[in-house]
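Below: the structure, in structure tokens.
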Amino acid sequence: MNRTAVNLPGLPMKNPVMPASGCFGFGREFAKLYDLNKLGAIAIKATTRESRFGNETPRVAETSAGMLNAIGLQNPGMEKVTAEEIDWLTSRYETPLLANIAGSTMEDYEAVAAHLSENNKVSAFELNISCPNVKEGGIAFGTDPKLAYELTKRVKALSTVPLYVKLSPNVTNIREIAEAVEKAGADGLSMINTLSGMKLDVKTGRPVLANQIGGLSGPAIKPIAVKMIYEVRQQTNLPIIGMGGVTTLEDIIEFFMAGADAVAIGTANFTNPFACPELIDEFEEWMEQKGYNSPADIRKGVEALS
Amino acid sequence: MIKENMRVEAQREIAPAIYEITLFGELVTHVSAPGQFLHIKPAPGTEFTLRRPLSISHVNEADKTLTVIYRADGQGTKRISEKRPGDVINVFGPLGNGFSTSSIQSGDQVLIVGGGVGIPPLYGLAKDILKKGASVTTVLGFADASAVFYKDVFEAQGPLFISTMDGSEGTKGVVTDVIREQGLSFDYLYACGPNPMLRALNKDYSEARGAVSLEERMGCGIGACFACVCHPVDDPTGTGYRKICSDGPVFNWGEVII
């Protein structure tokens with residue numbers, strides 16, 4: 001029996017831990033450090049229709065218990081991503097892939113979803129309607145329930161694999177957006193993306209990031225992620241991939257208690273490049289000690305108390 | 001590439017806010033070339049989210065130690081500067097591609113140009129070049145006389161010229177002023193330092209043999225996060241890139257836009 005396995009739409013995971021999109025590239029770099037088959041799944045870097053360079057540097061800045069990034073969705077474009085990156089991963093590893101899809105227009109998103117569907121190599125899609133670092137598209141679709149609904153519906157219509165929608169925390173009421181994408185046919189939710197933030201260099205008074213603003217991630221945003229997952233869990237049974245500052249075993253447990261069904265590790269991969277395999281080992285050991293038969297038991301324990 | 005708690009063997013301030021730290025551990029045996037760097041976690045826990053990319057100055061394989069020279073400028077590097085002999089510090093590395101000296105022949109003239117905390121990896125490089133029977137001339141640039149460090153170790157390797165911005169030591173001005181003033185010629189040129197200095201060299205010597213080492217704010221240090229990219233010179237689509245951490249930090253002259 002594998003007590004850490006979770007079975008999410010399209011993603012049969014041997015454990016509930018995956019690296020988060022944008023923090024793991026297309027896996028090649030981390031494959032030099034450990035066996036990627038150890039991972040429950042892999043969320044690969046956002047893919048757009050055409051290749052993108054992204055923003056100028058500096059693209060990262062450290063903050064208290066966190067960091068700002070403004071990469072700007074740099075990627076080689078969908079043709080190269082399938083031919084060179086996804087093919088590389090699927091020919092070497094069995095780990096299911098969650099492909100993050102981004103774009104500036106609804107047509108862009110549709111084109112990527114159609115291309116990846118035709119390519120038929122990834123296990124699920126993650127609709128990126130929450131990137132704060134690009135001028136067009138991205139977050140605009142994630143902050144307006146009507147646009148979120150329409151985009152989700154359109155992409156879902158031509159997707160051959162389950163569709164997760166990655167929600168932005170930069171909204172007044174995240175439950176509205178969750179409800180809209182669920183109605184549009186989303187198979188699951190990823191939450192949360194980064195929070196929009198800024199850091200000034202006090203010697204010059206100028207923003208540290210070339211893009212001026214960036215997305216805040218890391219332990220600093222964890223309480224926000226926990227709260228939003230908790231809130232959304234009250235209204236939906238959709239699977240939730242929880243993310244936002246997950247760094248320790250205790251964080252994973254907390255996310256499950258809040259209502260997540262799996263977790264994604266983002267910034268922690270930079271602080272500790274072995275974060276994912278180390279957390280997987282710790283989680284397995286903890287589950288065994290607790291005598292839980294499934295990660296879902298963590299939440300059952302919470303519900304029994306309330 | 002390994003992650004290791006390395007033991008601090010020594011630490012001293014060699015110029016105002018410039019520290020030299022010597023670390024012991026297995027990681028030393030993985031270092032393959034001067035110019036590679038370490039990703040150092042300033043403290044355990046979640047206080048610091050990002051590691052600090054610091055270049056290796058030189059290694060001593062026999063006693064499994066390596067030396068890093070850095071400026072204690074921000075909170076993280078200040079924390080590293082507080083480490084004392086016997087303390088441990090979490091290090092990931094070695095990372096990046098260092099300087100290649102494989103085509104240098106005995107008798108070649110090599111010019112090494114460094115500025116500020118870009119100087120340290122050039123020391124390990126100079127040692128490698130001398131082993132090949134080539135000769136090394138060094139030009140180092142500093143803000144002023146008080147900032148000068150490693151003068152004696154470079155002097156021991158060959159002719160050394162210093163420039164300072166205020167003229168308090170050596171030539172007043174920048175390293176390119178010294179190269180012109182002294183009429184220095186070379187078969188190979190290697191450099192590491194602040195971007196304005198490297199830009200000036202890259203402009204004058206884009207065809208030179210040798211290499212330049214760049215720095216940039218980094219996330220992962222291994223090429224996964226795309227934080228430290230730069231533009232290649234040859235870029236027909238406009239979306240080409242090189243990752244400074246994993247394609248570099250050492251590049252050929254004229255290869256990337258500095």
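Order of the sequence lines sets the chain letters (A, B, ...), proteins ahead of strands, with each chain counted from 1.
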Geometric class of the A:F24/A:Y34 ring pair [parallel <30°, tilted 30-60°, perpendicular >60°]: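 Rings of A:Y34 and A:F24: tilted, 30 to 60°.
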
Side chain, backbone, both or neither of B:F92 within contact of chain A (heavy atoms, under 4.5 Å):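 B:F92 touches chain A through side-chain heavy atoms alone.
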
Closest non-hydrogen atom pair, A:G205 against A:L200: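 The answer is O-CD2, 4.1 Å.
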
Heavy-atom contact with chain B under 4.5 Å, split by part of [X]:
| X | answer |
| --- | --- |
| A:E50 | neither |
| A:P58 | both |
| A:K222 | neither |

Residue among A:T267, A:T63, A:T247, A:L33 with most heavy-atom pairs under 4.5 Å to chain B: A:L33

Salt bridge flag under 4.0 Å for residues A:R49 and A:D108: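 Yes, charged N to carboxylate O under 4.0 Å.
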
Side-chain ion pair, B:E82 and B:R84, N-O less than 4.0 Å: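 No salt bridge links B:E82 with B:R84.
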
Chain A contacts, top residue of B:K41, B:K3, B:E47, B:M1 (heavy-atom pairs, under 4.5 Å): B:K3

B:E255 and B:R242, any side-chain heavy atoms less than 4.5 Å apart: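 Side chain of B:R242 against side chain of B:E255, heavy atoms only: contact under 4.5 Å found.
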
